[in-house]
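As structure tokens, the structure follows; a few thoughts come after it.
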Amino acid sequence: LLLALIVGSILHADSLLARLLDADRSPGWMGRRYAAQYTTDGQPSAEGTVALWPEQWPIHKLHRRRDKIGSVAYAQEYLNGAVDEATTLFRLAWLHAARERGRGVPFLYSPSARIPFSTCVSTWDPVELALAAGGDAYQLQVTAWDLGLVDEAAKARERDTDYTVGITVCLDVSDRVQLRRVYRGRGMTPAAVQARVTAEQRLLASDYVVVENNQAQRIHELQLKEAGLPVVGHTTTNRKHSVYEGVPGMAVLFELGRI
């Protein structure tokens with residue numbers, strides 16, 4: 001007889017713990033799912049008034065935690081609510097609010113006014129940082145690329161997918177992320193893709209150029225580095241489901257007004 005005890009949080013609908021809790025996918029396993037707070041009728045809920053462990057996590061402390069990390073991260077980390085692609089992560093009101101925050105800010109057509117790195121690391125208070133910046137607006141500027149692989153325009157249009165997309169974001173003095181430029185194209189040859197990435201960098205002079213390097217995209221990373229661009233490769237893994245590194249994490253930034 002072999003016994004095994006597994007304890008943890010369900011980080012994704014297809015994670016090991018989620019599969020073990022599914023009797024159809026994992027016969028022979030017994031499981032129990034707990035949440036940090038419940039309604040009076042025993043349903044997991046961020047609005048519940050009954051704490052699972054009131055001595056350690058009373059309701060008022062749980063609410064402070066939820067307000068700090070956002071509802072998406074809270075549902076995953078404290079209510080054991082799995083996040084997957086079918087989950088609605090981005091509320092329309094959050095997106096509208098972000099658009100209003102950025103209203104009147106034009107796209108970049110030249111390098112942004114950036115604060116010296118030494119000033120950024122020595123000044124933590126946003127007000128003091130703004131004063132020390134001497135009119136410069138941003139701590140950091142990054143351009144990130146998801147590169148398409150279909151290099152025939154007709155095939156790309158037929159599939160209506162596989163775009164090459166580049167976005168440029170800046171981190172302002174209040175630690176908010178501002179979207180400052182977007183490029184999208186498809187049906188581009190490898191040479192055309194690299195020419196576009198290079199042209200955008202020459203125009204904007206970002207501190208870093210992030211390039212996805214999964215599979216065939218790896219060659220773009222290597223060749224762009226050889227061309228002298230400040231390239232950082234990014235490999236997409238199951239971390240894309242993380243509330244700290246993945247798409248759910250971006251939803252948290254929208255909810256908290258950081259974008």
Problem - Under 3.5 Å: donor-acceptor pair, side chain of Asp207, backbone of Gln141 - result: yes
Problem - Donor-acceptor pair, side chain of Glu255 and main chain of Ser71, under 3.5 angstrom - result: yes
Problem - Any donor-acceptor pair under 3.5 Å from Arg19 side chain to Ser26 backbone - result: no
Handout entry: Qualifying side-chain hydrogen bond (donor to acceptor under 3.5 Å, both in side chains) pairs, either residue in residues 208-217, two or more places apart
Key = Glu212-Thr236, Asn213-Glu221, Asn213-Thr235
Practice task
Find out whether Phe107 and Val182 are in side-chain contact, i.e. whether some heavy atom of one side chain is under 4.5 Å from a heavy atom of the other.
Solution key: yes
Handout entry: Single-linkage hydrophobic cluster, 4.5 Å side-chain cutoff, Val142 and Val173 together
Key = no
Practice task
Ignoring hydrogens and angles, tell me if any N or O in the side chain of Arg180 forms a donor-acceptor pair with the backbone of Pro106 under 3.5 Å.
Solution key: yes
Problem - Close side-chain approach of Gln76 and Ser9, heavy atoms under 4.5 Å - result: no
Exercise for the section: Drop me the distance from Asn80's CG to Ile10's CD1, to the nearest 0.5 angstrom. Expected result: 4.5 Å
Exercise for the section: Consider only side-chain heavy atoms of I, L, V, M, F, W and Y, link residues closer than 4.5 Å, and tell whether Ile115 and Val105 are in one cluster. Expected result: no
Handout entry: Separation between OG of Ser110 and CG of Leu203, rounded to the nearest 0.5 Å
Key = 7.0 Å
Practice task
Say whether, by atom type as modelled, one donor and one acceptor occur between the side chain of Thr189 and the main chain of Ala192 under 3.5 angstrom.
Solution key: yes
Practice task
Would you mind reporting whether Ile219 and Pro190 have side-chain heavy atoms less than 4.5 Å apart?
Solution key: no
Exercise for the section: For residues 21-70, pull every pair meeting ring-ring contact (aromatic ring centres under 6.0 Å, His included), keeping only residues two or more places apart or in separate chains. Expected result: Trp57-Tyr78
Problem - NZ/NE/NH1/NH2 to OD/OE distance under 4.0 Å, Glu77 and Arg65 - result: no
Exercise for the section: Working to the nearest 0.5 Å, report the span between OG1 of Thr119 and CG of Leu131. Expected result: 12.0 Å
Practice task
Kindly indicate whether the side chain of Val209, heavy atoms from C-beta on, has any atom under 4.5 Å from the side chain of Pro230.
Solution key: yes
Practice task
Determine yes or no for a side-chain-to-main-chain donor-acceptor pair under 3.5 angstrom, with Gln37 supplying the side chain and Gly48 the backbone.
Solution key: yes
Completion exercise
Value for CD1 (Ile167) from CD (Glu200), rounded to nearest 0.5 Å, stands at 12.0 Å
Exercise for the section: Look at the side-chain heavy atoms of Ile, Leu, Val, Met, Phe, Trp and Tyr, link any pair under 4.5 Å apart, and say whether Val177 and Leu95 land in one connected group. Expected result: yes
Exercise for the section: Just do the side-chain hydrogen bond (donor to acceptor under 3.5 Å, both in side chains) check on Arg186 and Tyr163 with the steps written out, would you? Expected result: CA-CA 5 Å; Arg186 64 183 177 188; Tyr163 284 91; 2.8 Å; yes
Exercise for the section: Taking the side chain as every heavy atom from C-beta outward, state whether Ile259 and Leu179 have any pair of such atoms under 4.5 Å apart. Expected result: no
Completion exercise
Value for CG (Leu21) from CZ (Arg32), rounded to nearest 0.5 Å, stands at 11.5 Å
Exercise for the section: Please check if the side chain of Arg181 supplies one atom and the backbone of Leu108 the other of a donor-acceptor pair under 3.5 Å. Expected result: yes
Problem - Donor-acceptor pair, side chain of Ser45 and main chain of Glu47, under 3.5 angstrom - result: yes
Problem - Test side chain to side chain contact (heavy atoms under 4.5 Å, CB included) applied to Val252 and Ile69, step by step - result: CA-CA 7 Å; Val252 173; Ile69 68 174; 5.5 Å; no
Practice task
Could you tell me whether the side chain of Leu62 reaches within less than 4.5 Å of the side chain of Tyr74, counting heavy atoms only?
Solution key: yes
Fill in the blank from the handout: Note: Asp22 and Asp24 closest approach over all heavy atoms is OD1-N, 3.0 Å
Problem - side chain to side chain contact (heavy atoms under 4.5 Å, CB included) assessment of Leu147 paired with Met188 - result: CA-CA 10 Å; Leu147 306 176; Met188 303 168 66; over 6 Å; no
Problem - Any Thr39 side-chain heavy atom under 4.5 Å of Val50 side chain - result: no
Practice task
Would you check if Leu224 and Gln201 make a side-chain contact, meaning some heavy-atom pair closer than 4.5 Å?
Solution key: no
Fill in the blank from the handout: Separation between OG1 (Thr143) and CG (Leu204), nearest 0.5 Å, reads 5.5 Å
Problem - side-chain contact (heavy atoms from CB on, under 4.5 Å) partner of Val231, the single match among Val211, Val197, Leu222 - result: Val211
Practice task
Give a yes or no on whether Tyr183 and Val210 share a hydrophobic cluster (residues Ile, Leu, Val, Met, Phe, Trp, Tyr; joining criterion: side-chain heavy atoms under 4.5 Å apart).
Solution key: no
Practice task
Answer yes or no: does atom CZ of Arg101 have more than 12 heavy-atom neighbours from other residues, nucleotides or ligands under 6.0 Å?
Solution key: yes
Handout entry: Worked verdict on His220 versus Trp145 for side chain to side chain contact (heavy atoms under 4.5 Å, CB included)
Key = CA-CA 11 Å; His220 288 301; Trp145 291 90; over 6 Å; no
